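Written below as structure tokens is the structure these notes are about.
Indexing begins at 1, ligand by ligand and atom by atom, following the structure's order. For this chain, numbers begin at 1 and follow the sequence in order. Nothing here was measured: the structure is a model prediction, and the numbers come from that model.
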Amino acid sequence: MKLLVTGAAGYVGSVCAAVLCEHGHEVVVIDNLSTGNRDAIPSGARFIHGDVKDLAASVLGEGGFDGVVHFAARSLVGESVEKPEEYWHGNMVTTLALLDAMVANRVNNLVFSSTAATYGEPVTVPITEDFPTSPTNPYGATKLSIDYAISSYAHAHGIGATSLRYFNVAGAYGMIGENREIETHLIPLILQVALGHREKIFIFGDDWPTKDGTAVRDYIHIRDLADAHLLALNSNIPGTHRIFNLGSGDGYSVKEVIEMCREITGHPIPAEVAPRRAGDPAVLIASSDKIISELGWSPSRTDLRTIVSDAWEFTRQLRDKAHSAPR
Ligand code: UDP
């Protein structure tokens, strides 16, 4: 297939674009490099630098596209609370421009990168796709609103679309992993402590109603996540918008993640309890039964040890590369 992949300089987008290239697809990337890394875009892809909202119409207007995989988005919860306008424009307005360009150019196959933040605070876990959606921050609200837009475009214009609601994506795929300028995610932050780039990790709250008092999340390996995108692209049904959760179905507490990182890295990783982070739910665990039964998704890297080991291998390689680069 000839595919437009937006946001393929980011962590999730770059791994998915690499896997799409490996499967023989022709990949055209649009990315404005606002948060991504140019180096993460697979060498086999054609890269067009700029904003999706400005470029989608002309790029899809070239013709020959069979589908779109849409990752380009702002994705920091805290930032979305402080600067909602950047999220509504960057996520919602951008996606509307992309959908318009798809309709105008009769491209009717879409996979959309969505999030568990569309659900908000869950009443029970595991979370299934029919849970109430009540996002607790503008980031989740933009992603949920985009789902409504996709549904109506799909039905009106015959687009086959899938939204994949990710839980906590982690791990690495070879030399592609989490390498953000501003890092807020737990595993890469802990690994920065192991590298000696940070003194300690802060545990955001140890008074949650969980097994050890720290928050519990469902970590999914980036490579398993990428496979789900391939399955979705290959099975989209014209005029239908499907929504699937993507997680491993297991919950690990912050303390358990730190302990696993200590084991894998051999570093003591000092930790200090800090206040809870605003907007954090106590527990987020996915039910991925729907995508397993409907699309035959079969994640093979679900244990935390593999996820942390792959992330650590990537982090060390990145450090070695930085050390060997000419100064
Ligand atoms: N967390 C933490 N210390 C950190 C970063 C994260 O205790 O320095 C906690 C955070 O409060 C949440 C979990 O780790 O309970 C996972 O956070 P992350 O930012 O990785 O993903 P999120 O669940 O927010 O999408």
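Ion pairing of R305 with D303 is absent here, as no side-chain N (NZ or NE/NH1/NH2) approaches a carboxylate O to less than 4.0 Å.
For K290, the NZ atom sits in a packed shell: over 12 heavy atoms of surrounding residues, nucleotides or ligands are nearer than 6.0 Å.
For R165 and Y119, the positive end sits near the middle of the six-membered ring, less than 6.0 Å away and at most 45° from its axis.
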Side-chain donor/acceptor pairs under 3.5 Å, residues 194-206, sequence neighbours excluded:
from: R198; atom 1: NE; to: Q192; atom 2: OE1; distance (Å): 2.6
from: R198; atom 1: NH2; to: Q192; atom 2: OE1; distance (Å): 3.3
from: K200; atom 1: NZ; to: E272; atom 2: OE1; distance (Å): 2.6

Quick check for students: name every N or O atom pair between ligand 1 and the protein closer than 3.5 Å, with distances.
from: ligand 1; atom 1: 3 (N); to: F202; atom 2: O; distance (Å): 2.6
from: ligand 1; atom 1: 7 (O); to: F202; atom 2: O; distance (Å): 3.4
from: ligand 1; atom 1: 7 (O); to: F204; atom 2: N; distance (Å): 2.9
from: ligand 1; atom 1: 11 (O); to: D280; atom 2: OD2; distance (Å): 2.4
from: ligand 1; atom 1: 15 (O); to: R217; atom 2: NH2; distance (Å): 3.4
from: ligand 1; atom 1: 17 (O); to: R277; atom 2: NH2; distance (Å): 3.4
from: ligand 1; atom 1: 19 (O); to: T184; atom 2: O; distance (Å): 3.3
from: ligand 1; atom 1: 19 (O); to: R277; atom 2: NH1; distance (Å): 3.4
from: ligand 1; atom 1: 19 (O); to: R277; atom 2: NH2; distance (Å): 3.0
from: ligand 1; atom 1: 20 (O); to: L186; atom 2: N; distance (Å): 2.8
from: ligand 1; atom 1: 21 (O); to: N168; atom 2: ND2; distance (Å): 3.0
from: ligand 1; atom 1: 23 (O); to: N168; atom 2: ND2; distance (Å): 2.9
from: ligand 1; atom 1: 23 (O); to: R217; atom 2: NE; distance (Å): 2.8
from: ligand 1; atom 1: 24 (O); to: R277; atom 2: NH2; distance (Å): 2.7

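Of the candidates W297, F112, Y166, H229 forms a ring pair (Phe, Tyr, Trp, His ring centres under 6.0 Å) with just one, namely Y166.
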| Yes or no on side-chain hydrogen bond (donor to acceptor under 3.5 Å, both in side chains) for Y87 and E79, after CA distance, side-chain angles and deciding distance? | CA-CA 9 Å; Y87 280 70; E79 186 184 59; 2.5 Å; yes
